[in-house]
Undergrad: 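Just passing along the structure, written as structure tokens.
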Amino acid sequence: MAFHLLAEPIRRYVRDQRWQELRPIQAAAIQHILADDDNYILASRTASGKTEAAFLPILSKVDFGRPGVRVLYVSPLIALINDQFQRVEALCQYLAVPVTKWHGESSRADKKRLLAQPQGIVLITPESLEAMFVHSPSSVTTLFASLDYLVIDEIHSFLGTDRGLQLQSLLGRLRRVSRTRPAVVGLSATIGDYAEAKRFTGEAARTKVLLDRAGKELLTRFRYFAADRHGADLPLDLLKDLYKQTSHSKALIFPNTRGLAEVVAVKLRLISDRVHGHPHYFSHHSSVHKEVREYVEHFAKNNQRQPFCIACTSTLELGIDIGSVDKVVQIDAAQSVASLIQRVGRSGRRDGAASELLLYATNAWSLVQSLACWLLYQEGFVEPLRAARHPYDLLLHQALSIVKERAGIGRIALLKELLDNSLFEEIAPAAAHEILDELLRIGWLEALGPELIIGVEGEFTVNSREFFSVFKTESVFKVVHAGKTVGEIPYSIQVQEQENLFLAARTWRITNIDMAAKRIEVVPARDGKRPAFSGGGGTVHPRIREKMLAILAATDEYPELDEPSRLALRGLRQQFAGRPWPAQMTHERPALLKESGLVFYTFTGTKINRSLAFLLRQLEVEFIFDERASSFGLGVAAPLLPALFEQLRLFALDVDFHLHDALTQNPALMDFAKWGARLPAHLQVAVLKERYFDFAGAAGFLRDVVVV
DNA sequence: GACCTGCTGCGGGCTG
């Protein structure tokens, strides 16, 4: 029995919680973590008690009487740290172990107190850890030289991302200053590739996975309301139906964009006002001011009886505690299965009744993508995310960070430290040398005797706040009403006096714009438009598109579809009917002759499509690309396609020259990687090839594809 | 038509 393995104070905590029993993931984690000092990945669905699964055994095991912080918890979100602080602190009170929040918004007095007496548990963000290495390396040693455990929450949010590469580097740097050998415990509900998760710890061979596959009971329904051709907003009938479906529920609605989240919140509130329904309609996304968002979270969490509706983006995907909701609504397809799982995970009624998932679609392609995601979810598929093996841009950033940390370091020692870190293990020493040479050339580094120091040109960069993060952010205008910030919007044609707009689920009129202070004054208004947000979306994995093709080629019926959805699916299937689909479709892709010309459907992921579009431009072939349908309209006769594909494939195999050219013409191509623009040109090309495009995938696709 | 994430140190002004 796992329970009896726990230390007595922890057993008392468990008894006081009045839990009937330990969850499977908790029982497994207790047995394993107490038995050895290995790294663990705990994979189990949302709200299955993963935090306790990690902390119950760790707190039972670690000797907190010894000096130094013993456990470091890393989280991708400040909001999550603040939530987890309450839970972990409640647990730690049974052991009198102090817990300290360490992020940009936590108390400086608390930080000072911890530095005077380093002990217990610290909750931190990757950027705060980076900042500590850069500005106060002695604090890193004082606090973290004797860690026993590193807990990484929502570890999937770091896998395959630039922020993950940064954290991986920081883990290596922590190990370097450590006198102990801390074990890593990673927590997640959505991991598609366990080998990658193990690799992320930097010690794959020492890492084991504990997995609870149990899903949850879910009542799923698809609903279809076709948008008119020009309809940027949602169809009125959809909004009316959505109101009817959610007016008595606690509902989360995910319409995929910030602008549509505002439309949904404002319009549902309008309908509700008209029929004297409840007034609890909110929006929650990155452009809603933090305090307003916190109010919404607080309302949802502390409200047992009243219904409410939050229209949101991925801000409510991760584990921020908003209590339980009984309906999750997705409008048009989610970008990934992982995202769908996280969203579904937010529902769950305490009484154990099945929670409800409503999947709306406004066009047939979106319906099929949504259906594909849902079927893949049922099959247990999650997109495998692979970390970049040649992150030259991260090496550049970490080189600057280490030079600053040491206040000067010999070139050989710096190279050794960088290349010893697991995330750079596939980078050749020659490339690392080149990056240092480039930093010396542009004056970001300088040689001082035998050592490298931060150069005059580099001081500004390294000393700015922006240095701690590896992602870019756009500049925005603050939107203020009566001295209170409502949120923010990017500069656009819409930013004009007397313009009306939606924000934070309200309607506003712009009364004053201060260009210098980037501040917009607003007053309440009666109607308006959705704000024009800029910004790119995510990427769709090839497997989703392959599933979409399989759905279209089959004749399966799905009882979860309403009648309009069924008709829409049938309509799209008819377009592709009459083709001799083999049982195992792998390389067959359809082309249709339409009025506008030949349309070729690739049914593959965003990165391969993006690469194909690049290659077509290089060949100066005209085309119309539609990512939603994954199709290319081409002014080419069908019999010529194989020859075109062969030409594209040869370009794909030798694409470096064209990428060099494209970068010279348009340096903004590197905007997706914050620290990429300072790399030597051929390393920029390498970063583009590895992270933004997939030319190897495109070449394989072009080699194998059979047009039907 | 398209998501999200975080932030030092120091000095000056203000409040209790």
Side-chain angles (χ1 to χ4, degrees), chain A residues 74-82 101-106 108 111-112 124-137 139-140 153-154 156-158 160-167 170 227 229-234 254-263 283-288 290 293 311-320 330-336 338-340 342-343 362-363 365-366 369 401 404-405 459-474 490 530-540 606 610 625-629 672 674:
Chain A
V74 186
S75 155
L77 301 179
I78 288 178
L80 200 55
I81 288 183
N82 295 343
K101 288 184 277 191
W102 193 294
H103 57 64
E105 293 170 14
S106 67
R108 291 185 184 204
K111 294 177 182 171
K112 234 170 137 180
I124 202 166
T125 59
E127 287 75 14
S128 280
L129 190 51
E130 181 80 61
M132 203 189 288
F133 268 111
V134 170
H135 277 288
S136 184
S139 300
V140 177
D153 206 354
E154 307 281 9
H156 66 275
S157 73
F158 294 113
T161 67
D162 293 358
R163 216 172 166 209
L165 294 167
Q166 180 188 25
L167 180 55
L170 293 170
R229 200 170 288 261
H230 312 287
D233 285 358
L234 295 165
F254 291 93
N256 289 345
T257 71
R258 287 173 284 175
L260 281 181
E262 291 298 340
V263 170
S283 70
H284 191 289
H285 53 76
S286 65
S287 298
V288 174
K290 197 178 177 93
R293 279 201 262 170
C312 53
T313 61
S314 45
T315 48
L316 284 185
E317 233 174 69
L318 293 184
I320 301 167
Q330 174 69 48
I331 300 178
D332 286 331
Q335 202 69 246
S336 66
S339 172
L340 180 66
Q342 293 289 343
R343 292 172 183 190
T362 62
N363 66 80
W365 283 107
S366 166
Q369 186 173 327
S401 178
K404 174 76 180 178
E405 174 197 343
E459 283 287 346
F460 177 77
T461 305
V462 175
N463 288 330
S464 88
R465 290 166 83 209
E466 276 295 317
F467 184 67
F468 311 124
S469 72
V470 296
F471 51 87
K472 275 194 174 178
T473 42
E474 58 181 355
R530 64 166 147 164
F533 292 113
S534 53
T539 54
V540 176
T606 306
R610 191 182 276 159
F625 174 58
D626 178 359
E627 168 72 13
R628 193 170 61 188
F672 75 97
K674 183 169 172 181

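These values consider heavy atoms only, across backbone and side chains, with no hydrogens, waters or symmetry-generated copies. In what follows, chains are A, B, ... by sequence order, proteins preceding strands, each numbered from 1.
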Undergrad: Tell me which nucleotide among B/dT8, B/dG6, B/dA2 gets nearest to the side chain of A/F468.
TA: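 It is B/dT8.
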
Undergrad: Between A/F467 (CZ) and B/dT5 (C1'), how many Å, whole number?
TA: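 Rounded to whole Å, this separation is 18 Å.
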
Undergrad: Using only modelled atom types and a 3.5 angstrom limit, is any donor from either the side chain of A/S128 or the base of B/dG6 paired with an acceptor on the other?
TA: no

Undergrad: Does the pair A/S75 and A/D153 meet the rule for a side chain to side chain donor-acceptor pair (under 3.5 Å), with working shown?
TA: CA-CA 5 Å; A/S75 155; A/D153 206 354; 5.6 Å; no

Undergrad: Which is true for A/S339 with a 4.0 Å heavy-atom rule: it touches a base, it touches only sugar-phosphate, or it touches nothing?
TA: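 Nothing, no heavy atom under 4.0 Å.
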
Undergrad: Is any side-chain N or O of A/R163 closer than 4.0 Å to OP1 or OP2 of B/dC3?
TA: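 No, A/R163 has no side-chain N/O under 4.0 Å of OP1/OP2 on B/dC3.
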
Undergrad: Ignoring backbone atoms, establish whether A/T315 has a side-chain N or O less than 4.0 Å from OP1 or OP2 of B/dT5.
TA: no

Undergrad: Let me spell it out: for each of A/H285 and A/N463, pick the nucleotide of DNA chain B with the closest heavy atom. Which residue's pick is nearer the 5' end?
TA: A/H285

Undergrad: What's the closest nucleotide to the side chain of A/T313 if the choices are B/dT8, B/dC3, B/dC7?
TA: B/dC3

Undergrad: Please classify the nucleic acid contact of A/E130 as base, sugar-phosphate, or nothing, using heavy-atom distances under 4.0 Å.
TA: nothing

Undergrad: By nearest nucleotide on DNA chain B, pick out whichever of A/K472 and A/M132 is the more 5' one.
TA: A/K472

Undergrad: Separation of A/E127 atom CD from B/dT8 atom P, in whole Å?
TA: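 Rounded to whole Å, this separation is 10 Å.
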
Undergrad: Would you tell me whether A/T125 and A/H103 have side-chain atoms, one donor and one acceptor, within less than 3.5 Å of each other?
TA: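 Looking only at side-chain atoms, A/H103 and A/T125 do not form any donor-acceptor pair under 3.5 Å.
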
Undergrad: Tell me, please, which residues at least two apart from A/T606 pass side chain to side chain contact (heavy atoms under 4.5 Å, CB included).
TA: A/T539, A/V540, A/R610, A/E627

Undergrad: Tell me: CZ of A/R258 to P of B/dT5, nearest whole Å?
TA: 9 Å

Undergrad: Atom CD1 of A/I320 to atom P of B/dC3: distance rounded to whole Å?
TA: 17 Å

Undergrad: Calculate the interatomic distance between A/D332 atom CG and B/dC3 atom P; express it in whole Å.
TA: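 It is 13 Å, rounded to the nearest whole Å.
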
Undergrad: Less than 6.0 Å separating the ring centroids of A/F468 and A/H135?
TA: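 Aromatic pair counts; centres sit under 6.0 Å.
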
Undergrad: A/F471 has a side chain; which of B/dG6, B/dA2, B/dG9 sits nearest to it?
TA: B/dG6

